[in-house]
There are 2 protein chains.
Amino acid sequence: MMLRVTPELNEVKDIVSVGVRNKWLVVLVGVFGVNYKGRAISELSCGERLLIIKPDGCVLIHNSEGVNPINWMREGSSINAKLDEEVLNIKVLNINPREELVLRIQKVSVVFTNGFSSVGELRVIGSEADMARKIYENPSVISKNFKPVSLEEQTKYGFIDVLGCEGEDYVVVECKRYRAGLSGVQQLRRYVEKFKKARGINNVKGVLAAPSITKNAFKMLTDWGFSYKRVEPPMHLIGEKTVQEKLSKFLHENETKN
Amino acid sequence: MMLRVTPELNEVKDIVSVGVRNKWLVVLVGVFGVNYKGRAISELSCGERLLIIKPDGCVLIHNSEGVNPINWMREGSSINAKLDEEVLNIKVLNINPREELVLRIQKVSVVFTNGFSSVGELRVIGSEADMARKIYENPSVISKNFKPVSLEEQTKYGFIDVLGCEGEDYVVVECKRYRAGLSGVQQLRRYVEKFKKARGINNVKGVLAAPSITKNAFKMLTDWGFSYKRVEPPMHLIGEKTVQEKLSKFLHENETKN
DNA sequence: GACCTTAGCGGCTGC
DNA sequence: GCAGCCGTTAAGGTC
């Protein structure tokens with residue numbers, strides 16, 4: 001590990017270079033400005049910021065606020081530090097897409113680099129796919145006679161979350177985890193139209209399943225003859241205990257399956 | 001500033017607490033696992049990771065790879081560190097939406113906290129709005145007779161990027177900065193239909209302007225009687241010099257306007 | 001590789 | 001506050 005507090009810029013250059021060459025993690029707090037040219041152009045004037053260079057070569061520049069970086073480069077970039085007079089210039093290059101980031105570092109309060117390799121797996125439950133699965137397993141939330149047929153069925157025009165039957169009719173279900181908006185209604189419309197055309201039939205219903213729906217979306221939906229079904233997503237404001245039980249259950253099931 | 005290398009966990013607790021209380025930046029590299037409960041549920045097993053707590057209270061947990069954090073909490077969270085036996089537990093709470101993040105820290109290689117306040121402004125050019133402006137100012141990229149009427153008409157009939165006329169007809173233009181897909185076609189369709197209905201007219205054309213278009217999207221577009229116009233976005237693979245000129249020009253114009 | 005989708009999307013703008 | 005939508009969107013899956 002290498003670490004310096006309020007270092008000279010040539011020391012910073014060395015630490016950054018070593019970190020990058022060894023594919024270590026580099027963290028730097030200092031005063032610098034940033035220029036980006038690539039998919040867009042941006043100019044960020046000088047200020048105190050946090051620079052992170054990860055082992056995979058991606059670069060993050062963070063402000064004092066917010067979850068997202070104010071500037072960044074994706075993995076696989078080439079990184080080069082050069083001391084020009086009173087400024088340490090770090091140039092980050094990517095090909096495909098061709099883009100370039102230049103940092104003009106004036107002052108550094110801390111910099112360090114260290115070997116860094118994350119292991120460990122992230123497991124998430126509560127996605128939209130989980131919601132479709134919930135409907136597939138509890139078809140009565142759509143209607144008494146709804147019989148699900150397929151889940152996440154791929155078509156040329158996107159994939160249908162749940163497809164099923166209701167008596168003589170087909171039913172296409174589009175799920176939204178949160179309040180459904182216009183685009184969800186249009187997705188549903190697209191799937192229903194394509195399904196009708198592909199099968200040469202007309203008895204296809206469309207259902208939008210979501211915990212709630214915007215006013216405009218509801219109007220559009222009913223204008224087109226579709227219907228809305230209120231369905232709570234798998235993880236909507238459920239209490240501590242339930243969550244714990246669900247998580248344990250999920251993890252257990254997952255482990256026994258593998 | 002406070003900084004420690006391979007500290008004891010009680011020292012870590014103190015540094016984190018001081019940093020959070022003072023609304024400083026906190027950076028920590030160590031071995032820990034993470035549990036999240038809120039909009040979804042996730043479990044991240046133990047591994048070496050980077051923790052950042054920003055002055056605004058948002059929390060980022062980064063892996064050795066990728067631009068995005070593997071776990072995070074948005075600003076305004078309450079943060080509490082507690083030492084339980086051999087583990088330092090940091091609990092982060094947010095209300096609205098109610099969510100909770102728990103870190104189980106086992107080992108720390110570096111931790112520091114420091115005052116941190118970013119100033120400086122980010123200016124970006126090359127967005128979709130810039131593309132609409134480009135079309136508005138160079139209407140011939142749509143067609144010889146195209147006469148733009150309004151730009152980013154964001155309220156009346158939806159967010160129409162560019163609205164214009166072509167002889168007797170109205171033309172609705174939807175822009176995409178990158179290869180246009182199905183959703184872009186649907187947006188266009190929605191705007192055209194809305195516009196027709198609002199005006200009670202039928203002579204409305206729809207044009208999708210983008211550097212390229214997917215095969216399916218093109219089929220859908222033509223099926224519905226709309227057309228595609230290849231338009232390069234403002235910043236597509238342009239050379240160094242051009243970029244510099246554009247940026248200077250843009251900045252200059254912007255400054256003289258203000 | 002093209003294509004389509006979701007995301008604990010984030011963030012912004014307009015009402 | 002809601003609603004709609006862009007993003008240097010990113011990341012993941014299927015065909």
Side-chain angles (χ1 to χ4, degrees), chain A residues 34 36-42 58 65-75 94 97-101 122 124-132 152-161 174-184 186-187 190-191 212-217 233-236, chain B residues 36-42 58 65-75 94 96-101 122 124-132 152-156 158-159 161 174-184 187 190-191 212-218 233-236:
Chain A
V34 185
Y36 168 79
K37 289 184 294 198
R39 288 173 285 178
I41 300 177
S42 78
C58 74
E65 292 159 356
V67 169
N68 288 336
I70 189 157
N71 273 119
W72 70 94
M73 290 281 275
R74 287 192 287 187
E75 59 171 289
N94 246 343
R98 191 176 203 296
E99 44 189 356
E100 177 187 303
L101 189 79
L122 180 70
V124 183
I125 58 173
S127 64
E128 193 168 290
D130 288 319
M131 186 164 168
E152 303 249 302
E153 173 154 315
Q154 290 280 341
T155 74
K156 258 195 175 175
Y157 300 97
F159 57 88
I160 298 175
D161 286 335
E174 170 64 25
C175 303
K176 288 294 159 204
R177 282 196 64 196
Y178 304 109
R179 177 172 267 248
L182 294 174
S183 70
Q186 286 202 289
Q187 249 177 297
R190 191 167 79 214
Y191 300 150
S212 63
I213 185 167
T214 67
K215 211 176 145 191
N216 291 339
M235 298 283 96
H236 198 61
Chain B
Y36 167 79
K37 289 185 294 198
R39 287 174 283 181
I41 300 179
S42 79
C58 76
E65 293 160 355
V67 169
N68 287 335
I70 189 159
N71 273 119
W72 70 94
M73 290 282 274
R74 286 192 285 186
E75 60 171 290
N94 246 342
N96 200 2
R98 192 180 202 296
E99 44 189 356
E100 176 186 304
L101 189 79
L122 179 71
V124 183
I125 60 174
S127 63
E128 193 172 288
D130 289 320
M131 186 166 168
E152 301 250 304
E153 193 84 22
Q154 297 216 336
T155 46
K156 282 185 183 160
F159 296 10
D161 287 334
E174 171 62 27
C175 304
K176 288 292 159 208
R177 281 196 64 196
Y178 306 108
R179 179 170 266 245
L182 295 174
S183 70
Q187 254 178 293
R190 194 164 76 219
Y191 300 151
S212 63
I213 184 166
T214 67
K215 212 176 144 192
N216 291 335
F218 186 75
M235 299 283 97
H236 199 63

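These numbers come from a predicted model, not from an experiment. Each chain gets a letter, A, B and so on, in the order its sequence line appears, and its residues count up from 1.
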If we only count heavy atoms from C-beta on, is the B:V67 to A:P69 side-chain gap below 4.5 Å? yes
Nearest-Å distance for atom pair CZ/C1', residues A:R74 and D:dT9: 9 Å
For B:S127, which contact category applies under a 4.0 Å heavy-atom criterion: base, sugar-phosphate, or nothing? sugar-phosphate
Taking the minimum atom-to-atom distance to the side chain of A:A40, which one of D:dT8, D:dC6, C:dT6 wins? D:dT8
Between D:dT8 (C1') and B:E128 (CD): distance, integer Å: 14 Å
Ignoring the backbone of A:L182, work out which of D:dC5, D:dT8, C:dG10 is nearest its side chain. D:dC5
First encountered from the 5' end of DNA chain C, between B:K215 and B:W72: B:K215
What is the separation between atom CE on B:M131 and atom C1' on D:dC6, rounded to the nearest whole Å? 13 Å
I'd like the P distance from C:dC3 over to D:dT8, given in whole Å. 23 Å
Side chains of A:F159 and A:Y191: closer than 4.5 Å at any heavy-atom pair? no
Just to confirm, is there a sub-4.0 Å distance from OP1 or OP2 of D:dT14 to any side-chain nitrogen or oxygen of A:K156? no
Spacing between B:D161 atom CG and D:dC5 atom P, to the nearest angstrom: 10 Å
Would you mind telling me which of C:dG8, C:dT6, D:dT8 lies closest to the side-chain atoms of B:M73? C:dG8
Neighbour count above 12 (heavy atom, 6.0 Å) for B:E75 CD: no
Nearest listed nucleotide, side chain of A:N71, among C:dT6, D:dT8, C:dC9: D:dT8
Rounded to whole Å, OH of A:Y157 lies from C1' of D:dC15 at a distance of 14 Å
Is the aromatic ring centre of A:Y36 closer than 5.5 Å to the centre of the six-membered base ring of D:dT8, with the two planes inclined by less than 30°? yes
Counting only side-chain nitrogens and oxygens, does A:R98 get under 4.0 Å of the OP1 or OP2 atom of D:dT8? no
Would you mind telling me which residue lines up with the more 5' stretch of DNA chain C, A:G66 or B:E99, judged by nearest nucleotide? B:E99
Taking the C1' atom in each of C:dG11 and C:dA7, what is the distance between them to the nearest angstrom? 14 Å
Counting the atoms with a prime plus P, OP1 and OP2 as sugar-phosphate, which does A:E174 contact under 4.0 Å by heavy atoms, base, sugar-phosphate, or nothing? sugar-phosphate
Can you tell if the side chain of B:E152 reaches within under 4.5 Å of the side chain of B:D161, non-hydrogen atoms only? yes
With a 4.0 Å cut-off on heavy atoms, is A:N216 in touch with a base, just the backbone sugar-phosphate, or nothing at all? sugar-phosphate
Which nucleotide sits closest to the side chain of A:T214: D:dC6, D:dG4, D:dT9? D:dG4
Do side-chain atoms of B:N216 reach the backbone of A:K156 as a donor and acceptor pair under 3.5 angstrom? yes
Tell me what A:Y191 touches on the nucleic acid: a base, only sugar-phosphate, or nothing, going by heavy atoms under 4.0 Å. sugar-phosphate
Phosphate oxygens OP1/OP2 of C:dT6: is one of them under 4.0 Å from a side-chain N or O of A:K176? yes
In whole Å, what is the span from the CD1 atom of B:I70 to the P atom of D:dA11? 11 Å
Heavy-atom nearest pair, B:K176 first then B:M131, reads O-CE, 3.4 Å
Considering only the C1' atoms, how many Å lie between D:dC6 and C:dT6, rounded to the nearest integer? 16 Å
Atom-to-atom span, CD of A:E65 to C1' of C:dG10 - whole angstrom: 14 Å
No-H, no-angle donor-acceptor pair, A:N68 side chain to D:dT9 base, under 3.5 Å: no
Determine: side-chain N/O of B:Y178 to OP1/OP2 of D:dT9, distance under 4.0 Å, yes or no. yes
Counting the atoms with a prime plus P, OP1 and OP2 as sugar-phosphate, which does A:E152 contact under 4.0 Å by heavy atoms, base, sugar-phosphate, or nothing? nothing
For a quick test of reading the model, state the closest non-hydrogen atom pair linking A:C58 to A:R74 and the distance between them. CB-C, 3.6 Å
What nucleotide, of C:dG8, D:dA10, D:dC6, holds the atom closest to the side chain of B:Q187? D:dC6
Which comes earlier along DNA chain D counting from the 5' end, the contact point of A:R39 or that of B:V67, where each point is its nearest nucleotide? A:R39
Ignoring the backbone of A:R177, work out which of D:dT8, D:dC15, C:dC9 is nearest its side chain. C:dC9
Going by 5.5 Å between centroids and 30° between planes, is there a stack of B:F159 over D:dC5? no
Figure out the CD/P separation between A:E75 and D:dG12, and round it to whole Å. 10 Å
